Visitor: 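Got a structure for you, written out below as structure tokens; questions coming shortly.
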Amino acid sequence: MSTADPASPRRSWLARLWNFIVELWDVLRRPSSVFGLGVLVFAGFVAGIIFWGGFNTALEITNTEKFCTGCHEMKDNVFAELKTTVHFSNPSGVRASCPDCHVPHNWTDKIARKMQASKEVWGHLFGTINTREKFQDHRLELALHEWARLKANDSLECRNCHSAESMDITKQSPRASVAHQRFLFTGEKTCIDCHKGIAHQLPDMKGVPGWQ
Amino acid sequence: MIRKSSVLVLLIALAAGSGSLLAQSLNSGLRGPTPLNEEGPAPPMTPMRNTSEKEVRNYPEQPPVIPHSIEGYQIDINGNKCMSCHARARTGESQAPMVSITHFMDRDGQFLASVSPRRYFCTSCHVPQNVVKAPITNDFVDIDTLIGRTAPGGQR
């Protein structure tokens with residue numbers, strides 16, 4: 001306090017903050033007189049687990065089909081369409097749920113995606129796509145985002161389940177094995193270049209490369 | 001007495017006759033042995049033929065059948081999945097035959113720049129084939145056989 005200049009309230013505020021930090025540091029630095037070091041380390045460890053776990057649990061909850069279809073925008077449009085496709089029910093009984101294709105399994109990518117997705121909550125509140133018509137009007141824009149994302153990460157989500165390495169082209173249909181050998185195995189193209197609209201109906205495809 | 005018994009005989013004969021008639025009409029046709037008032041079990045779904053081998057057309061004007069699966073292919077106002085392979089500009093990559101020039105013609109025989117609206121819905125003419133045993137045989141005879149072109153000494 002002694003250094004504070006009474007003529008400048010701004011500086012005195014800063015100085016007070018500095019003092020507080022110094023005092024806090026002093027307290028934290030002093031060895032505990034009540035708990036042993038081992039106890040403190042253990043408590044910190046447990047607290048860490050709880051916070052980390054809680055954070056991850058919150059992430060997991062938001063990572064389910066149930067959560068995604070909680071919003072009618074998602075349920076009435078994209079989810080309804082997904083139900084008729086091979087990714088919803090198939091002979092193998094493996095279902096791809098929304099996060100399988102839309103949220104990267106890599107943890108850091110996951111966080112990045114969550115931060116980005118906060119805009120969906122605004123979209124929900126302001127009703128940007130709250131009717132089928134509005135959804136159809138916006139659909140191309142939303143699809144373009146998804147295509148760009150999958151193109152940029154070399155169809156990472158698809159490859160979490162399908163991998164080019166484990167494809168047995170002798171068991172594939174002739175068109176598939178030719179296309180995969182010519183363009184996929186050579187790295188010229190990625191899944192989403194050729195497999196658009198496998199999970200939902202397509203937006204207006206005029207002008208999209210490869211379409212008429 | 002005679003009248004009464006003859007009426008009885010007639011009734012019995014009628015009942016027997018109509019019974020067998022009914023039974024016959026009920027069991028015939030494509031629906032199999034299931035009685036008319038009951039719904040039979042649905043036949044199992046069969047996979048689409050997906051060999052990619054061209055099938056011989058039965059007559060020159062026939063829209064060729066599709067030799068590959070078209071499951072999940074979208075054809076509507078937003079897009080036409082078929083054209084992502086069969087359009088002129090796409091055939092280099094897809095190695096698919098281009099839609100023939102007749103597909104660019106409007107009803108007056110004018111050639112348009114792209115596929116004519118009346119040819120947009122491909123599956124109204126082209127159909128895929130499923131792997132099934134046909135329930136009835138087909139006695140279609142193509143023109144070559146009909147005019148004896150396939151027989152030695154037949155027409156040229």
Side-chain angles (χ1 to χ4, degrees), chain A residues 77-78 81-92 96 132-133 135-144 147 169-184 186 188-212, chain B residues 44-55 64-101 103-104 111-123 126 128-131:
Chain A
N77 299 305
V78 278
E81 295 163 6
L82 177 71
K83 285 183 183 168
T84 62
T85 72
V86 69
H87 282 104
F88 191 78
S89 71
N90 55 58
S92 329
R132 179 76 183 168
E133 288 69 33
F135 175 72
Q136 293 286 24
D137 288 347
H138 276 79
R139 179 157 221 170
L140 179 60
E141 185 196 328
L142 304 182
L144 282 171
W147 291 330
I169 49 165
T170 62
K171 295 230 171 71
Q172 284 186 345
S173 62
R175 282 182 312 153
S177 82
V178 169
H180 292 155
Q181 285 179 85
R182 278 181 71 202
F183 298 104
L184 178 66
T186 55
E188 206 173 306
K189 285 176 187 254
T190 185
C191 318
I192 200 63
D193 288 328
C194 302
H195 291 293
K196 294 187 173 73
I198 42 139
H200 320 289
Q201 281 167 25
L202 291 164
D204 189 348
M205 298 300 279
K206 245 183 260 109
V208 176
W211 290 74
Q212 295 275 308
Chain B
M45 304 264 276
T46 55
M48 268 183 210
R49 227 188 112 232
N50 202 6
T51 58
S52 285
E53 281 160 9
K54 206 180 266 239
E55 273 196 40
V65 297
I66 308 173
H68 55 70
S69 162
I70 59 164
E71 211 158 316
Y73 285 3
Q74 186 173 338
I75 311 175
D76 63 13
I77 189 171
N78 284 338
N80 186 323
K81 172 82 178 168
C82 314
M83 292 302 280
S84 73
C85 290
H86 287 283
R88 180 191 60 79
R90 301 287 307 155
T91 51
E93 194 178 292
S94 67
Q95 294 294 306
M98 188 190 98
V99 290
S100 66
I101 187 66
H103 295 66
F104 293 69
F111 294 106
L112 308 178
S114 61
V115 160
S116 158
R118 62 185 188 149
R119 290 280 172 113
Y120 188 79
F121 293 100
C122 319
T123 45
H126 297 282
Q129 302 290 295
N130 283 50
V131 191

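None of these values were measured; they are calculated from a predicted model.
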Visitor: What's the separation between atom CD in B/Gln74 and atom CD in A/Glu81, rounded to the nearest 0.5 Å?
Guide: 8.0 Å
Visitor: Do you know which of B/Glu71, B/Met83, B/Lys81 has the most heavy-atom pairs under 4.5 Å to chain A?
Guide: B/Lys81
Visitor: Do you know which two heavy atoms are closest between B/Ser84 and A/Gly210, and how far apart they sit?
Guide: CB-O, 3.4 Å
Visitor: Would you call A/Trp211 and B/Arg90 a side-chain contact if the rule is heavy atoms closer than 4.5 Å?
Guide: no
Visitor: If only atom types and distance count, is the side chain of B/Asn78 paired as donor or acceptor with the main-chain N or O of A/Leu202 below 3.5 Å?
Guide: yes
Visitor: Are B/Gln95 and A/Arg182 close enough that some pair of their side-chain heavy atoms sits under 4.5 Å apart?
Guide: yes
Visitor: With chain B as the partner, which of A/Lys206, A/Arg139, A/Gln136, A/Lys189 has the greatest number of non-hydrogen pairs under 4.5 Å?
Guide: A/Lys189
Visitor: Please check if atom CD1 in B/Ile77 has more than 12 non-hydrogen atoms from other residues, nucleotides or ligands closer than 6.0 Å.
Guide: no
Visitor: Is it true that a side-chain atom of A/Arg175 and a backbone atom of B/Ser94 form a donor plus acceptor pair closer than 3.5 Å?
Guide: no
Visitor: Side chain from CB out, backbone as N, CA, C, O: work out which of these in B/Ser114 comes under 4.5 Å of a heavy atom of chain A, or both, or neither.
Guide: neither
Visitor: Please state whether the side chain, the backbone, both or neither of B/Asn80 comes within less than 4.5 Å of a heavy atom of chain A.
Guide: backbone
Visitor: Hey, what do you get for CE (B/Met48) to OG (A/Ser173), rounding to the nearest 0.5 Å?
Guide: 12.5 Å
